[in-house]
2 protein chains.
Amino acid sequence: MDEPKTRAARRAATAQRILEAAQTEFGEHGLEGATVRSIAQRAGVDPSLVIQHYGSKNDLFAIAIRLPRESTGDDVAGHLFDVLDVRLGELPPETRALVRSMLTAPEATEAMRDFLNERVANLARAGGGDDADLRAALTVSSILGLTIARHFLRLDALAEISGPQIETTVRPWLTAALDEDVRPAR
Amino acid sequence: MDEPKTRAARRAATAQRILEAAQTEFGEHGLEGATVRSIAQRAGVDPSLVIQHYGSKNDLFAIAIRLPRESTGDDVAGHLFDVLDVRLGELPPETRALVRSMLTAPEATEAMRDFLNERVANLARAGGGDDADLRAALTVSSILGLTIARHFLRLDALAEISGPQIETTVRPWLTAALDEDVRPAR
DNA sequence: ACTTTCACTCAACGACTGTAGAGTGAGAGG
DNA sequence: CCTCTCACTCTACAGTCGTTGAGTGAAAGT
């Protein structure tokens with residue numbers, strides 16, 4: 001197994017365990033629903049140790065919802081599909097924690113808004129054309145809605161089908177808004 | 001002004017004031033974030049009166065998130081646009097309360113899932129064809145994503161434009177999935 | 001006019017929360 | 001082998017929560 005020798009290494013390892021426990025609890029119950037005690041119990045640790053490691057529950061939350069940066073060269077829509085996963089059966093824990101609290105915790109709302117605004121800007125720049133911002137925002141918000149409906153609400157029509165099927169079925173339709181003029185003739 | 005005479009009428013009036021205060025507070029801060037005390041203060045009433053009227057905070061919440069039934073003869077997509085408003089600048093208070101808590105309060109999650117499942121079924125029945133359920137679910141989840149991105153996250157590209165503009169711009173694209181086969185050629 | 005009803009307020013409870021500070025014991029350093 | 005360090009636990013506190021039961025005073029009933 002991986003039993004680290006040095007004291008600092010052991011401490012870092014429990015810090016990581018606490019962080020992962022926090023992401024799970026935040027992802028399941030949200031910022032307010034998850035308690036320091038429940039996080040500590042999941043990590044097999046005393047509640048006060050959680051505070052000693054991360055300063056406060058809110059500081060821990062801020063770290064727990066950090067999304068991975070977009071790797072250069074990735075296609076923008078593809079990265080969004082990875083983070084707001086529509087491919088796999090399960091969401092990354094930090095995404096799950098962020099989305100779960102994004103409607104009730106102001107820090108999470110702001111983090112999600114910043115993330116999506118950046119994604120919209122990248123997508124609009126790549127697509128170009130008239131109304132590029134609006135069409136990019138449509139694509140992004142639709143992916144967000146799909147993620148919520150599939151992974152959090154578990155709608156009947158979305159929960160049962162496979163991730164790849166969703167991608168091959170849905171992606172062309174979603175990205176269609178980027179290439180066409182969505183405004184109808186008046 | 002409207003000062004009701006009978007005792008029962010006065011009581012019913014304060015019950016209504018409490019309910020409206022609850023919808024506002026739940027819509028702003030969610031089920032956990034809103035407190036009985038904050039609801040009572042907004043209604044200009046003692047906290048215990050809130051409980052006397054509605055039994056418990058959770059019972060009050062269950063009533064506060066009830067959505068209006070679909071009026072017969074309405075087009076399904078139109079009703080959805082009304083409830084998950086993309087037309088007006090502001091959401092109905094019960095919708096706002098429901099959406100706000102739908103990711104953190106199990107009762108709200110269930111209520112939203114039931115509501116959207118029914119909407120998907122109606123839409124799929126009206127559209128018909130292959131993959132009707134999936135395409136209807138795509139439309140519905142996209143409208144949901146749009147509502148969240150616009151009214152709760154306030155994305156730059158969506159927050160500033162007018163409701164009617166959104167409808168005339170977005171609706172054709174959203175409902176397009178209902179009439180076409182979204183699956184690409186293999 | 002006297003009594004009763006009842007919509008409402010007041011005060012308090014037990015439970016639970018995030019967090020601080022003292023204590024402890026195993027391992028690092030010499 | 002002794003001492004010190006420090007990762008961790010224990011105990012406790014102050015605040016907030018939902019909810020209860022007794023009390024109050026104005027209006028309804030007679």
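Below, read A as the first sequence line, B as the second, and so on, with proteins coming before strands; counting in each chain starts at 1. Because the structure is predicted, anything quoted here is derived from the model rather than measured. When reading the values below, keep in mind they use all heavy atoms of this one structure, side chains included, and skip hydrogens, waters and symmetry mates.
Between B:Leu67 and B:Phe115, some side-chain heavy-atom pair lies under the 4.5 Å cut-off. B:His151 places none of its side-chain heavy atoms less than 4.5 Å from the side chain of B:Val99. Residues B:Leu158 and B:Leu146 meet the side-chain proximity criterion, which asks for heavy atoms closer than 4.5 Å. Counting heavy atoms from C-beta on, the side chains of A:Ser101 and A:Glu107 never come closer than 4.5 Å.
The shortest distance between the side-chain N/O atoms of A:Arg11 and the OP1/OP2 oxygens of D:dC6 is not below 4.0 Å. Considering only side-chain N and O atoms, A:Thr35 lies nowhere under 4.0 angstrom from the phosphate OP1 or OP2 of C:dC16.
Nearest-nucleotide mapping onto DNA chain C: of A:Val36 and B:Arg17, the residue sitting toward the 5' end is B:Arg17.
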I'd like to know whether B:Leu19 forms a side-chain contact (heavy atoms from CB on, under 4.5 Å) with B:His53, so could you lay out the CA-CA distance, the side-chain angles of the two residues, the decisive distance to 0.1 Å, and finally the verdict. CA-CA 10 Å; B:Leu19 178 58; B:His53 268 278; over 6 Å; no
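Atom CZ in A:Arg37 sits about 10 Å away from atom P in C:dC16, given to the nearest Å. If you take CD of A:Gln41 and P of C:dC16, they are 13 Å apart, rounded to a whole angstrom. The CD1 atom of B:Ile18 sits 15 Å away from the C1' atom of D:dG18 (whole-angstrom rounding). For the pair A:Arg7 CZ and D:dC6 C1', the computed distance is 5 Å after rounding to whole Å. Remark: P of C:dG25 and CZ of A:Arg10 are 18 Å apart, rounded to the nearest angstrom. One interatomic measurement links the two molecules: NE2 of B:His29 to C1' of D:dT16, which rounds to 16 Å at whole-angstrom precision. Regarding A:Phe61, its CZ atom lies at a distance of 17 Å from the P atom of C:dT17, rounded to whole Å. With rounding to whole Å, A:Asp46 atom CG is found 15 Å from C:dG25 atom P.
The residue A:Ala34 sits close only to the backbone: its heavy atoms come under 4.0 Å of sugar-phosphate atoms, none of a base.
For A:Val45, the side-chain atoms get nearest to D:dT9 when compared with the rest of D:dG18, D:dT9, D:dA7.
A heavy atom closer than 4.0 Å to some atom of DNA chain D occurs in A:Ser48, A:Leu49, A:Gln52, A:His53, these being the qualifying members of residues 47-59 of chain A.
When all heavy atoms of A:Arg37 and A:Pro47 are compared, the closest pair comes out as CG-CG, 3.9 Å.
Around CZ of A:Arg154, the count of heavy atoms belonging to other residues, nucleotides or ligands within 6.0 Å does not exceed 12.
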